[in-house]
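As structure tokens, the structure follows; a few thoughts come after it.
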Amino acid sequence: MQTIHVAEASPETAVLADGAQLVAVGPYEKLAADHPRARVRWWPGILTPGLLNPYGPELLEQAYHPDPREADRLGTEPVFGERAQALLAANASARGASARRGVQRMLAHGTVAVAGELRSRAALDAVRGAGLALTGRPAGLPGPASFSPVPLVLLPGLAPGRPARFAVFDVPDRAALVRDGASTCVATVVGGRLVYRGR
């Protein structure tokens with residue numbers, strides 16, 4: 001089924017997705033007129049190509065992402081350093097579950113691509129399972145590893161024929177996205193699937 005995604009603050013950049021591909025990109029009015037049977041999803045904020053997170057290994061292989069049932073003991077934020085390595089070494093299922101929770105956090109921050117050389121099967125399976133793109137790391141990482149890295153790295157523009165991969169942020173413009181960060185994400189679409197929707 002064809003779906004038009006449009007964000008209130010950027011109606012000039014609506015997209016028409018048909019399965020895993022973008023069919024059209026342009027003003028909402030034109031897409032709606034040309035495709036009257038398409039389902040329409042309205043979002044607050046701006047629609048973007050989505051973010052590249054350059055910290056794949058640091059966030060998915062070197063950090064431990066606590067299970068919600070561990071929150072009383074470990075908190076809710078990622079654990080780094082020796083404590084993370086001890087938790088990840090506990091068993092193979094801990095590595096896989098942590099990597100999947102890390103990917104979910106990335107999706108909740110508008111990430112549609114991950115950079116850095118992933119070496120563990122757990123991290124690679126989690127990234128591939130979510131449909132995230134893998135790419136080379138940009139030069140000069142500002143550090144430290146973060147789900148909302150500074151500066152934010154937006155992917156190239158949306159275009160027909162490209163994968164239906166994008167994110168929507170509840171901000172009025174790109175300047176506000178840079179200022180407020182990736183935690184303003186309200187929706188992430190990968191392969192035409194809505195893989196994250198904010199509450």
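One is the number of the first residue; the rest follow in order along the sequence. Everything numeric in this text was worked out from a predicted model, so none of it was measured.
Rounding to the nearest 0.5 Å gives a distance of 11.5 Å between CG of D18 and CD1 of I4. Annotation: the span from Q2 atom CD to R39 atom CZ amounts to 11.5 Å, rounded to 0.5 Å. Expressed to the nearest 0.5 Å, how far CG of L132 lies from CG of L52 amounts to 10.5 Å. To the nearest 0.5 Å, the span separating OG on S148 from CG on N53 amounts to 9.0 Å. In this structure, the separation between OH on Y196 and CG on L107 is 10.0 Å, given to the nearest 0.5 Å. Atom CG of L177 and atom CG of L154 lie 6.0 Å apart (nearest 0.5 Å).
Side chain of T48 to main chain of G50: a donor-acceptor pair is present (N/O by atom type, distance under 3.5 Å, no hydrogens or angles). At least one donor-acceptor pair under 3.5 Å links the side chain of E61 to the backbone N or O of S120. Looking only at distances, no side-chain donor or acceptor of Q62 sits under 3.5 Å from a matching main-chain atom of F80. Here the side chain of S98 pairs no donor or acceptor atom with the backbone of R95 at under 3.5 angstrom. The main-chain N or O of I46 is never found under 3.5 Å from a side-chain atom of S10 such that the two would form a donor-acceptor pair. Of the possible donor and acceptor atoms, one in the side chain of H65 sits under 3.5 Å from a partner among the backbone N and O of L59.
When all heavy atoms of A71 and T76 are compared, the closest pair comes out as CB-CG2, 4.0 Å. The two residues L194 and V189 make their nearest non-hydrogen contact at CD1-CG2, 4.0 Å. Across every non-hydrogen atom of R193 and A130, the tightest pair is NH2-O, 3.5 Å. Heavy-atom minimum distance, P57 versus A115: CD-O, 3.6 Å. Annotation for V103 and A126: closest pair CG2-CB, 3.8 Å, computed over non-hydrogen atoms. Taking all atoms of both residues into account, the shortest heavy-atom contact from V79 to P66 is CG2-CG, 4.2 Å.
Within a 6.0 Å radius of CZ in R197, no more than 12 heavy atoms belonging to other residues, nucleotides or ligands are found.
L152 and V168 are assigned to two separate hydrophobic clusters, defined by single-linkage of ILVMFWY side chains at heavy-atom distances under 4.5 Å. V190 and V186 fall into different hydrophobic clusters, where Ile, Leu, Val, Met, Phe, Trp and Tyr are joined by side-chain heavy atoms under 4.5 Å apart, directly or via other members.
Taking the side chain as every heavy atom from C-beta outward, V40 and T3 never approach each other to under 4.5 Å. At least one side-chain heavy atom of L118 sits less than 4.5 Å from a side-chain heavy atom of V127. Within the 4.5 Å cutoff, side-chain heavy atoms of D34 are placed close to those of K30. Within the 4.5 Å cutoff, the side chain of M106 has heavy atoms near those of the L60 side chain. In this structure, the side chains of P27 and P11 stay at 4.5 Å or more apart for every pair of heavy atoms. Looking at heavy atoms from C-beta onward, L47 lies in side-chain contact with F166 at the 4.5 angstrom threshold. Taking 4.5 Å as the limit, some side-chain heavy atom of L51 sits within range of a side-chain heavy atom of F169. A 4.5 Å side-chain heavy-atom check between L22 and L16 finds every atom pair outside the cut-off.
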Test salt bridge (charged side-chain N to carboxylate O under 4.0 Å, His left out) on E77 and R105 and set out the steps. CA-CA 10 Å; E77 294 301 310; R105 289 183 78 136; 3.2 Å; yes
Going through the checks in order, is the salt bridge (charged side-chain N to carboxylate O under 4.0 Å, His left out) test met by E8 and R41? CA-CA 11 Å; E8 293 169 358; R41 282 192 182 247; over 6 Å; no
Taking it one step at a time, do R165 and L158 satisfy side-chain contact (heavy atoms from CB on, under 4.5 Å)? CA-CA 8 Å; R165 182 184 307 140; L158 301 163; over 6 Å; no
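Ring geometry for H5 versus W43: interplanar angle under 30°, hence parallel rather than tilted (30 to 60°).
For the residue pair Y64 and E70, a side-chain donor N or O sits within less than 3.5 Å of a side-chain acceptor on the partner.
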